[in-house]
Amino acid sequence: MSWFKRDKGDDDKLPQLGEKERRVRTEGLWQKCEGCRQIIWKKDLEGNWNVCPKCGAHSRIGAVTRLNLLFDDAEFTRHDTALRSSDPLGFVDSKPYRERLAVMQEATDLGDAMIAAEGRLAGRPVQICAMEPRFIGGSMGSVVGEMIARAIERSIAQNQALLIVSASGGARMQEGAVSLMQMAKISAGLMRLDEARLPYLSILTDPTTGGVTASYAMLGDLNIAEPGALIGFAGPRVIEQTIRQKLPEGFQRSEFLLQHGMLDAVVPRLEMKQYLGTALRFLMG
Ligand SMILES: [Zn+2]
């Protein structure tokens, strides 16, 4: 039998991939769009900053990708990378908080749920803090609070605008009241930024909820959201159960909030940088 000839019947003898193996081999190459439910080649999605090329739905992106998108030439300097939570409550739920932090730090290569960075946006030096949604749900604890507080100080010292990109489930329960105190601490800092006549632009992405919405995410001189983002304080299920009423269509999504005067704009991800550049030129001259 020649090397190149193969009888039709031989195919039967080739090992057939089981359903499970087939799934394993294609896993990671394709992704189902949450918007149109179509299967999209992952590279196509990533090449479009995770905006579905078919329906325009915005999938979540991490902090590094976000900063690459916003900063000129994707160049930026990180600050406060060594800040770590001290686990002030010695908290244990299904596992010790310390352990949870270590796992997250390993998985994301970050110290906590935020990257504080400095660089240029449309040629203008700015401070941008981007939250990492994968890090314990992008929750806000003492480290996120301190990073923002320090970014505010840098903004004031260097006469620069501050931008915060939120992607968060809210205050981090493993730090209890310490997390809640960050709301007041950051709000006070933002007031000092205001007194220094420097703009703060808040960018709300999917999801922005809980204590983050209840503090800095809604305190921007401009509050700008990505399309279709879930933005709210309590989740829709909790509200529905509490008031025992059916919630309207699109409740707590960006477009709904814009319609009801809670946001200044809804801007697609691919137009965000240009929009922010224009806003900063308008606000700072
Ligand atoms: Zn889609």
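Only a predicted model underlies this, so the values are computations on that prediction, with no experimental measurement involved. Numbers here simply count residues along the sequence, with the first being 1. One-based numbering, in listed order, for ligands and for the atoms of each.
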Asks: Under 2.8 Å from the Zn ion (ligand 1), how many protein N/O/S atoms can be counted?
Replies: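 There are 4 of them.
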Asks: Is it the case that more than 12 heavy atoms not belonging to K43 sit under 6.0 Å from its NZ atom?
Replies: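 Result for NZ/K43: open.
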Asks: Got a sec: does the CD of Q274 have more than 12 other heavy atoms crowding it under 6.0 Å?
Replies: no
Asks: Any Lys/Arg nitrogen of D73 or R120 sitting under 4.0 Å from an Asp/Glu carboxylate oxygen of the other?
Replies: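 A salt bridge is absent here (no side-chain N lies under 4.0 Å from a carboxylate O).
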Asks: Considering residues, nucleotides and ligands other than M262, do more than 12 of their heavy atoms fall under 6.0 Å from its CE?
Replies: no
Asks: Do you see a donor-acceptor pair shorter than 3.5 Å between the side chains of S142 and R172?
Replies: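 There is no such pair (donor and acceptor under 3.5 Å, judged by atom type) between the side chains of S142 and R172.
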Asks: Report, as yes or no, whether the 6.0 Å neighbourhood of atom NZ on K246 holds more than 12 heavy atoms from other residues, nucleotides or ligands.
Replies: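 At most 12 heavy atoms, drawn from other residues, nucleotides or ligands, come within 6.0 Å of this atom.
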